[in-house]
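Presented below is the structure to which this report refers.
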Amino acid sequence: MATTTPGGVRGGGLSETTSDGAPMTHPQIMKALSGLMLGMFVAILSSTIVSNALPQIIGDLGGTQSSYTWVVTAALLSMTAATPLWGKLSDLFSKKLLVQISLVIYVLGSVVAGLSQNTGTLIACRVVQGIGVGGLSALAQIVMAAMISPRERGRYSGYLGAVFAVATVGGPLLGGVITDTDWLGWRWCFYVGVPFAIIALIVLQRTLHLPVVRRDVKVDWLGAFLISGAVSLLLIWVTQAGDSYDWISWTTLAMTGGAVVLGLLFLLVESRASDPIIPLRLFRNKTISLASAASLFVGIAMFSGTVFFSQYFQLARGESPTMSGVLTIPMIGGLFVSSTVSGQIITKTGKWKAWLVSGGVLLTAGLGLLGTLRYDTAYWHIACFMALTGLGLGMMMQNLVLATQNQVAPEDLGAASSVVTFFRSLGGAVGVSALGAVMANRVTHYVQDGLAALGPKAAAATGHGGTAGGGIPDLDKLPAPIRTVIESAYGHGVGDVFLYAAPFALLSLVLVVFIKEVALKSKPSAHAPTAEGATEAEDATEAEGATRTPAGTSVKA
C-alpha cells in the first residue's frame, strides 16, 4: 500500500527539490553531499596513504614481494567482493545508515592494522578495510544518482573525481611525511584517518537526508559467498603460481577449476534468485555490458599505476617516501583536471561518449609510453607519461558509471552502479595480483643478469639473486655497483608492468567505442519509470507533481 511521499521525493528517491517544492540550489546539494565526500576522502586516503610507506612496512615486518602485492590485493579483493552486496543493500535499506556502517568498518580495520606485528595480520586488516571502502565507493555513486539527474550528475561526478584526485595525491604525500618522521613512523599511516572518519560520521548525520524505500525481499547471501570464493581462488592462484607451484601443475588445475565451478554456480544461483545480488538481466542492456567490461580493464590500468609507482621511485631511483609522493603529482593532476572539466562540460552538453573515447586513447598512450621506463629515464619524460595516464583515467572512471546509471530503472540503480564499480575493483585486484607476480619474476631475472655481468663474486655476496629471497632490498646497505644493478632491475621491471597493462587499456578503448550514446536525462534516477527512460507523457505527468510509489513499498524520510 502506497504511503504519502515527503515533499521533494518522487517514486522512492530524493529529487532536486526542497520540501517546499523549489529546486535545490547548488549550495544545498553540496551541503547534502559534504559528509559523503568527506567519507570518500577518508576511504581513498586509507588506500593511498600506505603506498609510499609499503616498502618500509614490508621491510620492517619481514615480508616479501608477494606480501607487498597481497597487502594491496587483499583490500581490493574484499572491496571487489563486497561492492555488489553494498549495492544490493542500498536498494533495500537506508543508504545513509549503510554509508555510516561502512565508515565504522573502515575505522576498526585501520586501528588494528596500525597494531600489526606481521604481514599476515596486516593483510587480514586490509581485508576489513576493503569491505568498508567497497561500501563507500559504491554508495557514493548510488546516493548521487538518487539525488541528482544524470544531466547534472556529470558536474557532481567531477567533484567526486576531484576528491578522489586530492586524496590520491595527498595520501602518498602524507604517508611519506609520516613515514619519514621519526617520532611518528608508518603505523600512523593507519591511525591518521580515524579522526577524519569520525568527523565524516557526524557530518553525514547532520547533512545527508534520504528517503528509505523498503521492499519485502531477501539478500542473496549465497550469491555473495560464491562470487567472493571464485574471485579469491583466482587471485590466490595468480599470486602464488610460478613461486609456490608451477603454472602448469595439479595445484593450478585445482584452483582454476574451483574458481570456474564457483563462478558457474554463482550464475546458476543468480538466475534463480528472487532478488539476485547481480541481476543477470542487467547485462541484456548493451551499455551496461560494455561499460562493465571496460571498467574491468580500466581497473587494471588505474591500480597498477598507483601501486607500482612507489616501488619505482623508491627502489629504482632511491627517493624517500615523501619525494615518491611528490613525483607522482603529474598523474594525479591530470586525473583532477580531466575529471572536473569533463564533468562540467558533460553537464552543459549532455554528451559523454567523446570523453570516454578520448580517455581511452590517452590512457593507452600513457601506459604504452610508461612501458619504456628505466631507472635512469629523464623525469620530465615520466611526468608527461603520467599526466597522459591521469587524464585518461579521469575521463573514464566516473563517466562509465554515469553512462550506466542513465539507462536503468530506479529499483536497479544500486545494483547497476555497483556492478560497474565491482568490475573496476575486480580488474584492479586481478591486475595488481598478476602484474605483481610478473614484476617479481622480471626483477629477479634482471638482477641475475646484472650480477652475472659483475661476476660470480658479486652474485655470491648478495645471495638470492640480490633480492634477499624475494624480500624488499635496502638500497642504502648495498655496495654502489650492486645498488645500480638492483635499481636497474626495478626500473626495468616496473616498465614491463606498464607495458603489459597497456593492451588492457586498448581493450577498454575498443569497448567504449561500441557504447551507444544516450542523451543524459534531466531528472533524477528516482523519477525514471523505465530502464530506457521516461516517455513524454510520463515526463509531463511528473512535471505536474504526480507521485507514484510502487505497490508493496513504503517510503520513509
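The residues of the chain are indexed from 1 along the displayed sequence.
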Q. What residue pairs, at least two apart or across chains, pass side-chain hydrogen bond (donor to acceptor under 3.5 Å, both in side chains) with a residue in residues 98-121?
A. Gln100-Gln205, Ser110-Gln129, Asn118-Thr121

(Q) side-chain contact (heavy atoms from CB on, under 4.5 Å), that's the test. Do Tyr500 and Ile300 meet it? Break it down for me. (A) CA-CA 10 Å; Tyr500 295 144; Ile300 295 176; over 6 Å; no

Q. Are any non-hydrogen side-chain atoms of Leu122 and Ile57 less than 4.5 angstrom apart?
A. yes

(Q) For a side-chain contact (heavy atoms from CB on, under 4.5 Å) check, start with the C-alpha distance between Leu315 and Glu487, then their side-chain angles and the critical distance, and finish with the verdict. (A) CA-CA 6 Å; Leu315 299 177; Glu487 289 179 339; over 6 Å; no

Q: Considering non-hydrogen atoms only, spot the tightest contact between Leu388 and Gly366 and give its length.
A: CB-CA, 3.9 Å

Q) Does the side chain of Leu222 come within less than 4.5 Å of Phe266's, by heavy atoms? A) no

**Q.** Short side-chain to backbone donor-acceptor contact, Thr256 and Thr252, under 3.5 Å
**A.** yes

Q | Over 12 non-hydrogen atoms of neighbours within 6.0 angstrom of CZ in Phe504 | A | no

Q: For Val494 and Met439, work out which heavy atoms get closest and say how close.
A: CG2-CE, 3.6 Å

(Q) Within this structure, what is the CG-CG distance for the pair Leu103 and Leu201, rounded to the nearest 0.5 Å? (A) 5.0 Å

(Q) Using only atom types and a distance under 3.5 Å, with no angle test, would you say the side chain of Trp237 pairs donor to acceptor with the backbone of Leu253? (A) no

Q. Can we call the ring centroids of Phe498 and Phe309 under 6.0 Å apart?
A. yes

**Q.** Heavy-atom pair with the smallest gap, counting every atom of Ala230 and Gly263
**A.** CB-N, 3.9 Å

Q) Regarding Tyr191 and Arg187, is there a side-chain donor-to-acceptor distance under 3.5 Å anywhere? A) no

Q | Stepwise side-chain contact (heavy atoms from CB on, under 4.5 Å) check, Leu391 with Leu335 | A | CA-CA 5 Å; Leu391 288 169; Leu335 193 156; over 6 Å; no

Q.
When you measure from the side chain of Thr444 to the backbone of Ala440, do you find a donor-acceptor pair of N or O atoms at a distance under 3.5 Å?
A. yes

Q) Taking Thr340 for the side chain and Phe336 for the main chain, is one N or O donor matched with an acceptor at less than 3.5 Å? A) yes

Q: Supply the atom-to-atom distance Ser488 OG to Asp376 CG, rounded to the nearest 0.5 angstrom.
A: 7.5 Å

Q: Could you pull out the closest heavy-atom pair between Phe190 and Val194, with the gap in Å?
A: O-CG2, 4.1 Å

**Q.** Spatial distance of atom CG (Leu136) from atom CD1 (Ile105) [nearest 0.5 Å]
**A.** 9.5 Å

Q | Pair Val112-Val128, side-chain contact (heavy atoms from CB on, under 4.5 Å): steps then yes or no | A | CA-CA 10 Å; Val112 181; Val128 177; over 6 Å; no

Q: Please name the residue in the list Ser339, Ser508, Ser338, Ser295 that meets the side-chain contact (heavy atoms from CB on, under 4.5 Å) test with Met396.
A: Ser508

Q) Is a donor on one side and an acceptor on the other found under 3.5 Å between the side chain of Arg374 and the backbone of Gly491? A) no

Q. For Arg317 and Tyr375, does a side-chain donor sit closer than 3.5 Å to a side-chain acceptor?
A. no

(Q) To the closest 0.5 Å, what do you measure between CE (Met331) and CG (Leu393)? (A) 7.0 Å

Q: Provide the full list of side-chain hydrogen bond (donor to acceptor under 3.5 Å, both in side chains) pairs with a residue in residues 378-389, sequence neighbours left out, each pair given once.
A: none

Q | Nearest heavy-atom neighbours spanning Ile382 and Tyr312 | A | CD1-OH, 3.4 Å

Q | Side chain Ser320, main chain Met323, donor-acceptor under 3.5 Å | A | yes

Q. Do Thr372 side-chain atoms and Leu369 backbone N/O form a donor-acceptor pair below 3.5 Å?
A. yes

Q: Compare every heavy atom of Ser78 with every heavy atom of Val127, then report the nearest pair and how far apart it is.
A: O-OG, 2.7 Å

Q) Can you tell me how far the CG atom of Leu139 sits from the NZ atom of Lys95, to the nearest 0.5 Å? A) 9.0 Å

Q: Compare all side-chain heavy atoms of Glu319 with those of Leu327 and state whether any distance is below 4.5 angstrom.
A: yes

Q: Compare all side-chain heavy atoms of Phe423 with those of Leu400 and state whether any distance is below 4.5 angstrom.
A: no

Q. Just checking, any donor-acceptor pair under 3.5 angstrom between side chains of Asn441 and Tyr446?
A. no

Q.
Please report the interatomic distance CG(Leu362) to CG(Leu367), rounded to the nearest 0.5 Å.
A. 11.0 Å

